[in-house]
Structures are given as structure tokens and as C-alpha cells.
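Lettering follows sequence order; numbering is per chain, from 1.
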There are 2 protein chains.
Amino acid sequence: MRLRAIISYDGTEFSGYQIQPRKRTVQLELERVLQDMHKGNVVKVVASGRTDAGVHATGQVIHWDSPLLIPMDKWQIALNVQLPGDIRIVSVEQVSEDFHARYHAIGKTYRYIWSLNEVQSPFERNYSVHIDRYKPNIERMEKASVYLLGTHDFSGFCAANTSVKDFVRTIHSIKFEVKKESNQLHMIISGNGFLYNMVRIIAGTLWEIAIGKKSVEDLPEILKSCAREKAGKTAPAQGLYLEKVAYLE
Amino acid sequence: MRLRAIISYDGTEFSGYQIQPRKRTVQLELERVLQDMHKGNVVKVVASGRTDAGVHATGQVIHWDSPLLIPMDKWQIALNVQLPGDIRIVSVEQVSEDFHARYHAIGKTYRYIWSLNEVQSPFERNYSVHIDRYKPNIERMEKASVYLLGTHDFSGFCAANTSVKDFVRTIHSIKFEVKKESNQLHMIISGNGFLYNMVRIIAGTLWEIAIGKKSVEDLPEILKSCAREKAGKTAPAQGLYLEKVAYLE
């Protein structure tokens, strides 16, 4: 039977999601535990997509196949008992045999977090980005973000080392929230899919607009240019969270 | 001149506050950076008290002496630039030559955090305690905590490996807060001083009362008995935060 799980992970101590030789990755830990549960048989885990080293997830989706007859609530408990504490299974459910975590994803939501504290708390150093001496103008960020909504060629917002050919993506929404208690700025962005580093390049570009390094009106120009070097710097990994993956059913 | 700083640290990767051979400690990192700033001369740092491995601080207080003529705001910046990210200097000020971070402390406030999430988030695993399958009765905790207020012999709430002779301490207040957004229970406890592991033994005992393993009326008996084995288990280090140290001035 095919199983789907929502998983959460603290990306700090992982070399990203995907298996790589001699690196600690999320996929490696998941497949190791599943292999243990399947008496040494390899169980391939498929995720909605990769995340880079240091990037977190609160709603990554994976699927795998298993002949084991375990009730769904027991799957969650059995996996969480064996997984390291920086990966947690949030839920498990049975899905149809043709479900595919990557191919069937119709949308994703990411969150990007900036610390606005004068001195970054040691407790948020791996979970937000702190950029000294700047007070961001959030209204400017909001204004500029409107240009990104809708369907565009996002080649200018994609890292060079990618194999994709189609750079057209649709962004459904970009929202900003200032969290009073923690003094953080959150950007929540949803779209039908994102190119490699796209969210972090958008975050970096909007931040440069927020601190006056670029103007709001630069954004439509950058987008139209399709030139990576016109956009802002890629914002650091530790501020990024994969929050939700949407499917049709 | 004598300087006093409020410091914050994430205790996860430290073997506690105090210097120990071949261990990474908070004091070691502080003294290493100060020694660098003083051309290799040893600078002794005195804290309000030790914290154990894994215990955090948001308001630890330290003092040290320095002949350097650096403006106060520059002290903070210079130290934060050189310190690792899991220690941050919150503020620095000049104090009188006879100020002493430990001897002059007249009170301390600690916070203890339990995660009430069904599955502990990977992001809170080092910053709260998660105890499976129990729903704590917070009213019972609150009722029992009242017995601890005031001045008592707390020998029953002190770890065996201590050198102190006087076990009498005064607890000024114990408050509980349920944090809706993070689904955590916080205990905030203030007193004139705390014995070794005292806050963690109080937290462990109140938790056992909250889950029905002990009754509310057991608490005055435990306190009167002065017997460590009657109290609850020492609650884990990663839930504990030294939040404030009070001084007369």
C-alpha cells in the first residue's frame, strides 16, 4: 500500500533533504528507519521536492510503499520513536497507489523569517535571518511584492545551477506579518511551484527594496530582464521554511 | 574599571556555564574573547551563578575588570562580533568597583517550559520538555505550588552533590502561563536564591502532581520531610531558562 506523511524538520544539522554520499540528510534518516522496519529491505521515499542545507520544513510531504499491515496511528508512533528528534512525523495516511508526492503537488507555501531584534537572540540564530543596522520599510516590500503576483517568467529569480527548461511559475499570494512578541518579520508566499532558490532570491530582493538599496520600481524591471544579476542576493537558508504542499484531493 | 553585562545563551551545545577541562562552556568562550581583546592577558569572568549543561539563559549577569577605555555601546558590539552565535551580549554597563555578580545578587527568576503538543515540534526539542501521553492538570500544579511560597528548608528539593550547608530559601512567586500559539506551558519562579537543581526538582514534582502521579496534598509532606527521594524526578535541563538576576541598585 502507498502511504503519505506530512513531516517537519529542523534543517540546521542536515545537508538538505536529498540523499548525498557521506552527508546527513533528511531522506537518509527516513529511509534508514523504514529499512529497519522492513527487515533490511530498501524503502524508497519520495518527497514533494528537495530543500537545501539549513532550510526547515513544517509541512513537507513524502510518500512510500509498504507491505506492512500497521494501523495508521501506529505508523506515526513507530516512525517517531526511531527517527532523530530533528525530524518529526506530523501525520500519516493511506493514499491511492498512483499518488505521487512530487508529480501531484499543485502548489507550495513557504515562509521566510527575518529577526528585527537589535541583537539577534541566540535562540533564533538558526531559525531566522538577522541583518544588522537596517530597519526595513515593510510598506515598500509589500508594494514591490505585488509585481511578482501572477504568472511570469522567473528566470531572473532562479539560481544558475538548475536543469529546468521552463521558468514560468505562478505566484498566488505574498503576505507579510510582523510578529510583535518575537519581533520578527514573516513573509508567506504561495505559488504553483518555485524554481531553485526562487523564494530566497525573492526574499533577498524584497529585503534590498525594504532597506532602500533598490527601489520599488526596480522590481518590474528586474522581472522583465530575466537576468539573475539584476535581482538581489539569495537570502540565507536558515530563514526559510517549507510550510505546506497542496494536492488536488 | 568594572563592567557588568546581561547575557543570553542557548545552552544546547555547552557543557554548562562554568569552565571545565576539555569542555565547551559559556565561561570559556567569554574569557577567550576577553583575553583576545586584552592582548593575551587573562580576564576572569564572574557570573551570578552556574547553569548546568543544556540549561539556557536569557538574563544571566556577569562582571569582569578591564583597563580598556572602550565606550559602553562599543563593548557590546566588540564582544558580539567575536562571540559564537549561541552567546549574545544583551547590554553592558560600568558598575562600581565593589559590585559582584554572585555575592550581590538578591534574587533570581527562572522559567521552565513544557511542550503540550501531541508531537513535539523539532524546533522546540532543545528548548522545552515534551512528556508523551499526559495531559497536565494545571490547576493542580497551581494549588500545589502555593505550598512552596515563602521561606522553607528546601533540602528535599536539592541534588545530593552540593557543598552548601544552608538549605533555607525564600520563593517569592510561582506563576503558570499557557502559551496558545506555541501550545506550551511556562512556569515562572522567583526567589532569593535556588539550591542545586532546585528549580528542576520543583518542576518535576509539580509535573507529577499535574499528571496525577502525586496528589496536591503530598507537597507539604514532601517539603516537611526534607527528603530528596520523596520529591519528583529532576525535570530535564533543556526546559530551563535563567531569566533574570536581581540586584539592589
query = If you round to the nearest 0.5 Å, how far is OG of S91(B) from CD of E118(A)?
reply =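 Reported to 0.5 Å precision, the distance equals 10.5 Å.
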Verify the neighbour count for atom [atom1] of [X]: are there more than 12 heavy atoms of other residues, nucleotides or ligands below 6.0 Å?
X       : atom1 : answer
R125(A) : CZ    : yes
R50(B)  : CZ    : no
K179(A) : NZ    : yes
Q35(B)  : CD    : yes
E139(A) : CD    : no

request  = Give the minimum heavy-atom separation between Q120(A) and R88(B), together with the two atoms involved.
outcome  =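 Minimum heavy-atom contact is O-CG, 3.1 Å.
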message = On a heavy-atom basis, which atom in F123(B) and which in Y9(A) lie closest, and how many Å separate them?
response =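 What the structure gives for the nearest pair is CZ-O, 3.2 Å.
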ask   = Non-hydrogen atoms of chain A under 4.5 Å away: do they reach the side chain of I77(B), the backbone, both or neither?
value =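 Neither; nothing under 4.5 Å.
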ask   = Hey, which of N80(B), T12(B), V119(B) has the most heavy atom pairs under 4.5 Å with chain A?
value =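 Result: the option with the highest number of such pairs is V119(B).
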ask   = Checking side-chain contact (heavy atoms from CB on, under 4.5 Å) against P122(B), which of I87(A), D10(A), T58(A) comes through?
value =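 For P122(B), the side-chain contact (heavy atoms from CB on, under 4.5 Å) check succeeds only for D10(A).
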